Q: 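A single structure is presented below for examination.
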Number of protein chains: 2
Amino acid sequence: MNDSRPIRAKSGTNHEGTSAHNRRVMIDALRMNGALSRADLARATWLTKQTVSNIIEELERDGLVRSQAAVRKGRGQPSTPYGLVPEGAFAIGLQIDRHVTRAVAVDLVGSVLVRDEAGLPTGGPSEGAKVILDLVAGVRAKLAGIVQQSEKRLVGLGIAMPGPFGVAGSGDDPWMMEAWQKFPLLETLTAGTGLDVGLQNDAAAAATAERMVGAAHGLDHAVCLFVGYGIGAGLILNGELYRGTNGNAGEIGMALLFADGKSTPLEHRASLASLYQHLSIDPADPDLHAEINDRVLRGDPSVETWIDAAAADLRWSIHLIETIFDPQTVILCGSASEALVNRLIAAIGPLLPSIAERRGRTLPRLQPGMADPWSVALGAAAGPISRAFDPHFAAILKDSL
Amino acid sequence: MNDSRPIRAKSGTNHEGTSAHNRRVMIDALRMNGALSRADLARATWLTKQTVSNIIEELERDGLVRSQAAVRKGRGQPSTPYGLVPEGAFAIGLQIDRHVTRAVAVDLVGSVLVRDEAGLPTGGPSEGAKVILDLVAGVRAKLAGIVQQSEKRLVGLGIAMPGPFGVAGSGDDPWMMEAWQKFPLLETLTAGTGLDVGLQNDAAAAATAERMVGAAHGLDHAVCLFVGYGIGAGLILNGELYRGTNGNAGEIGMALLFADGKSTPLEHRASLASLYQHLSIDPADPDLHAEINDRVLRGDPSVETWIDAAAADLRWSIHLIETIFDPQTVILCGSASEALVNRLIAAIGPLLPSIAERRGRTLPRLQPGMADPWSVALGAAAGPISRAFDPHFAAILKDSL
DNA sequence: GTAATAAGTCAAGACAATTGACTTAATAAG
DNA sequence: CTTATTAAGTCAATTGTCTTGACTTATTAC
């Protein structure tokens, strides 16, 4: 009787897990509220003044927080607020798109310090990887030129690229993303950069960015509907990005819609790819974003047609998202121009009725998020920062070390 | 400058949080794997043998675990496995449906020890509450008759009822559920029972049941599609039930489908309500379940028509669920008969293509779950047990006490 | 019969949060 | 102007929980 199937269990925790959690809670509180005194932190986190003092002292030694001028407010000793030190940590974010790759260096509070892009060669991933590694190296070098000791404070490299991941030949994107799926990207970049490398799809990256510095800041339940070359949803559930079993949660581009007796993936109806096709524009055009932005602003009728059609699908998608997730808000963001997102939001309204319509709402059901070609790279960088500093269950467990 | 907006922060943790977590991890491991020795537990949880010993000793004192006969396996001292003690804890589960209310008493391992039901008077919630309190009291009394000290080990009362919650007048369910929405149910039952009372929608309860003793046992990502009087999805995400902002996540019955130029809620197309209507059956009929079961088994053509139509909608719903959540599996369960669920599953196949189709799958994409009128009440009871004993983030935090 | 292996215990130690008294620095009240 | 009050923050001792390493016990392999 060799009953040797592996035992499945969650990991336990210990003092270090406790301490790590409390550190993260402090950082999170400072990120959400701005600078706070030790006493404020103690009240907010339910920890004792003494514990907060110890942790703050430690965080200050580590260069993650810094005291500000004392504040007098009423009776009692003035409080000394502590705030996050932006240059306390950095991360590199990398977006791999069809024709281009973008990299940014981001600091602890989500400011982009360096940005750079490069065209991706048509030779496929093995050639592309060289371009990418060069790009990342360049961004790191520039960062090192701006701030001292940046390399020591680099917490990781986050990659964002179109999903879904690990699915055999969907086949309807001829433009090489499939080749990237098979390429050992994480291994190559880990080896090539020496950094901790993480991967998410571009909608998830957009959501991560919104959570760190955008419309989802401080929210526990929000869904970012991301209109890029494809379309996807980034899910913030219980204050964390939800990834699903294989990192493909939210990849709604492949959702089939039935209309006029035939089924079409959502992606073919409401995505920049569909817009490019509608306009007969070459998606490899380097002036793409400017061109689209321009056409949106001057009300190009062909663009308007697409917007109305896409808005109808998005309106229904938002209804469905509200119904399924019961989020605090839905955020519409994209890799295209702000102007396009705003036009889309205008065209989407009024929203379909749903359970999101309730008395006492404070947040709008739908709000605009970041919309520019760099937001995905920013979100990619936000990934490692969140992993390193945000409070979450996994960070408490012993097996996370 | 009175900057007194409340400070938002997550709670910190301390030694007790650590200890509470580790206790829960042990219990969870025993639930998932069956009896385990201290050494096995230490390996599985990453804790030291000594820590495990201390915690097991404590759990044994508390009557939650019990040693079994020593097991010799190869060289070395024989190990002493410890298993959960079923009568270590109990919970009452209560289902409030349109015409009937059901209560069960469930033990730590999810066995139903007592079950009882009562018709709900048409006089509305304030009258109904009396019936419910009597029913609960009766179940508690019967439980006390079966096991000693059951009252001391009662961890709570879980309620399951149709959602969505807190939404003003959807209006299309004339049968009194709306009145229940406005009734202070939690307060009334808390006061009337002296128990810790929790509320979830029926699909969530079904998912909770599947997770404790059913097809989702041990899974971290699973969606239970629940076909009851309405239709809903219970979401197990990251190993926990996901509730959304207002406890309405997964309430997909109100999702609007567009077909033939008009929009219909899913609920009107694939739910027992729609079946009853299709068959012109009175949903208040006490022999309802037997009747439907019978008709399914003998292949009633009218039922078959409904099944085919509902299966088409469910097929698409499953496609959408797979696309959005990327779950390990989808479970079809319901409050009707097993026969109906099995027929539905047969009629749903083959599934639509989706990202769930990947090499190396071990679980089926769609599997049958519990399907009987008592599964929701069981799930309702599973709620408090899960809250009391499963490892989860909130249980670690200081503010959870 | 002896060595090897594995389960489990013992007692001391380390770590991180807690406690309660104390210090410091401001405003409010008389 | 003096004193009381209030609040921030520190100090030193304590507590709770996990860890460490040596030890005991029980079994199989050689």
Side-chain angles (χ1 to χ4, degrees), chain A residues 1-4 7 11-26 35-61 65 67-82 396-399 401, chain B residues 1-4 7 11-26 35-60 65 67-82 395-399 401:
Chain A
M1 179 178 115
N2 184 10
D3 189 0
S4 67
I7 297 169
S11 163
T13 186
N14 59 10
H15 302 132
E16 288 175 38
T18 304
S19 164
H21 172 71
N22 288 343
R23 277 177 62 117
R24 285 167 184 262
V25 165
M26 301 279 164
L36 293 174
S37 68
R38 300 177 183 206
D40 282 339
L41 280 166
R43 278 186 294 265
T45 61
W46 295 61
L47 293 167
T48 59
K49 284 186 295 182
Q50 186 57 56
T51 300
V52 169
S53 255
N54 294 339
I55 294 174
I56 285 292
E57 197 179 331
E58 195 185 308
L59 290 174
E60 195 169 22
R61 259 205 319 278
V65 307
S67 63
Q68 305 182 350
V71 172
R72 281 193 288 263
K73 47 172 189 273
R75 239 176 238 198
Q77 175 169 331
S79 63
T80 308
Y82 285 77
I396 290 171
L397 310 182
K398 286 186 78 177
D399 64 1
L401 293 176
Chain B
M1 179 177 112
N2 185 11
D3 188 0
S4 67
I7 297 170
S11 163
T13 187
N14 59 9
H15 303 133
E16 287 173 38
T18 304
S19 165
H21 171 71
N22 288 343
R23 277 176 63 117
R24 285 166 184 262
V25 165
M26 301 280 165
L36 293 174
S37 68
R38 300 175 184 209
D40 281 339
L41 281 166
R43 279 184 293 265
T45 61
W46 295 60
L47 294 166
T48 60
K49 285 186 294 181
Q50 187 56 57
T51 300
V52 169
S53 255
N54 295 340
I55 294 174
I56 284 292
E57 198 179 329
E58 193 185 309
L59 290 174
E60 195 169 22
V65 307
S67 63
Q68 304 182 349
V71 172
R72 280 193 288 263
K73 46 172 190 270
R75 233 173 243 200
Q77 176 170 331
S79 63
T80 308
Y82 285 78
I396 291 173
L397 309 181
K398 286 186 80 178
D399 63 2
L401 292 175

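Excluded from the calculations below are hydrogen atoms, water molecules and symmetry mates; all remaining heavy atoms, backbone and side chain alike, are included. All values derive from a computational prediction rather than experimental measurement.
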Q: Would you indicate what B/Arg23 reaches in the nucleic acid, counting non-hydrogen atoms under 4.0 angstrom: base, sugar-phosphate, or nothing?
A: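 B/Arg23: no heavy atom of the nucleic acid under 4.0 Å.
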Q: In terms of the nearest nucleotide of DNA chain D, which residue is placed more toward the 5' end: B/Thr18 or A/Ser37?
A: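 Whichever sits nearer the 5' end wins; that is A/Ser37.
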Q: What is the distance, rounded to the nearest whole Å, between atom CD1 of A/Ile56 and atom C1' of C/dA17?
A: 16 Å
Q: Check whether any side-chain heavy atom of B/Val71 lies under 4.5 Å from a side-chain heavy atom of B/Pro81, and answer yes or no.
A: yes
Q: Quick check: do B/Leu47 and A/Lys398 have side-chain heavy atoms less than 4.5 Å from each other?
A: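 Side chain of B/Leu47 against side chain of A/Lys398, heavy atoms only: contact under 4.5 Å found.
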Q: For A/Ile55 and C/dC15, what is the distance between atoms CD1 and P respectively, to the nearest whole Å?
A: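 Checked: the CD1 to P distance equals 16 Å.
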Q: Between C/dT19 atom C1' and B/Glu16 atom CD, what is the distance in whole Å?
A: 14 Å
Q: Can a side-chain donor-acceptor contact be found between B/Thr80 and B/Ser67 if the only test is distance below 3.5 angstrom?
A: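 Side-chain D/A pair, B/Ser67 to B/Thr80: absent.
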Q: Per the atom types in the model, does the base of C/dA17 pair as donor or acceptor with the side chain of B/His15 at under 3.5 Å?
A: no
Q: Base of C/dC10, side chain of B/Gln50 - is there a donor-acceptor contact under 3.5 Å?
A: yes
Q: May I ask you to say what B/Thr51 touches in the nucleic acid, namely base, sugar-phosphate or nothing, with a heavy-atom cut-off under 4.0 Å?
A: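 The answer is base, as B/Thr51 lies within the cut-off (heavy atoms under 4.0 Å) of a base atom.
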Q: Please tell me which of A/Gly76 and B/Thr80 maps to the more 5' nucleotide of DNA chain C, matching each residue to the nucleotide holding its nearest heavy atom.
A: B/Thr80
Q: Quick one: does A/Asn14's side chain have a donor or acceptor within less than 3.5 Å of a partner on A/Gly17's backbone?
A: yes
Q: Give A/Ser19 one of three labels, base, sugar-phosphate or nothing, depending on what nucleic acid heavy atoms sit under 4.0 Å from its own.
A: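 Counting heavy atoms under 4.0 Å across all strands, the contact made by A/Ser19 is with sugar-phosphate only.
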Q: Is A/Thr48 near enough to C/dT18 that one of its side-chain N or O atoms lies under 4.0 angstrom from OP1 or OP2?
A: yes
Q: Backbone N or O of A/Ser79 within a donor-acceptor pair of the A/Ser37 side chain at under 3.5 Å?
A: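 Pair absent, no side-chain N/O of A/Ser37 close to backbone of A/Ser79.
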Q: Tell me the salt bridge (charged side-chain N to carboxylate O under 4.0 Å, His left out) pairs involving residues 17-26 of chain A, sequence neighbours left out?
A: A/Arg23-A/Glu58, A/Arg23-A/Asp62
Q: Mind checking A/Asn22 for me? I need base, sugar-phosphate or nothing, with any heavy atom below 4.0 Å counting as a touch.
A: sugar-phosphate
Q: Ignoring backbone atoms, establish whether B/Ser79 has a side-chain N or O less than 4.0 Å from OP1 or OP2 of C/dA7.
A: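 No, B/Ser79 has no side-chain N/O under 4.0 Å of OP1/OP2 on C/dA7.
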Q: Need two values: the first and the last nucleotide of DNA chain D, 5' to 3', having an atom under 4.0 Å from any heavy-atom of chain A.
A: D/dT5 to D/dT19
Q: State whether B/Asn14 places a side-chain N or O below 4.0 Å from either non-bridging phosphate oxygen (OP1 or OP2) of C/dT18.
A: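 Affirmative; the distance criterion is met.
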Q: Round to a whole Å and report the spacing from CD of B/Gln77 to C1' of C/dT5.
A: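 Nearest whole value for this atom pair: 11 Å.
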Q: Would a distance-only check, ignoring hydrogens and angles, find a side-chain to backbone donor-acceptor pair under 3.5 Å from B/Thr45 to B/Leu41?
A: yes
Q: Without decimals, in angstroms, what is the distance between B/Asn54 CG and C/dC10 C1'?
A: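 Going from B/Asn54 (CG) to C/dC10 (C1'), I get 11 Å.
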Q: Hey, does the side chain of B/Arg75 come within less than 4.0 Å of C/dA3's phosphate (OP1/OP2), counting only N and O?
A: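 Indeed not, no polar side-chain atom of B/Arg75 lies that close.
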Q: Should A/Met26 and A/Leu59 count as side-chain neighbours, where that means a heavy-atom distance under 4.5 Å?
A: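 Yes. Closest side-chain heavy atoms under 4.5 Å.
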Q: What is the pairing partner of C/dG30, taking Watson-Crick or G-U wobble pairs with both distances under 3.5 Å in any strand?
A: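 Checking every strand shown, C/dG30 finds its partner in D/dC1, with both distances under 3.5 Å.
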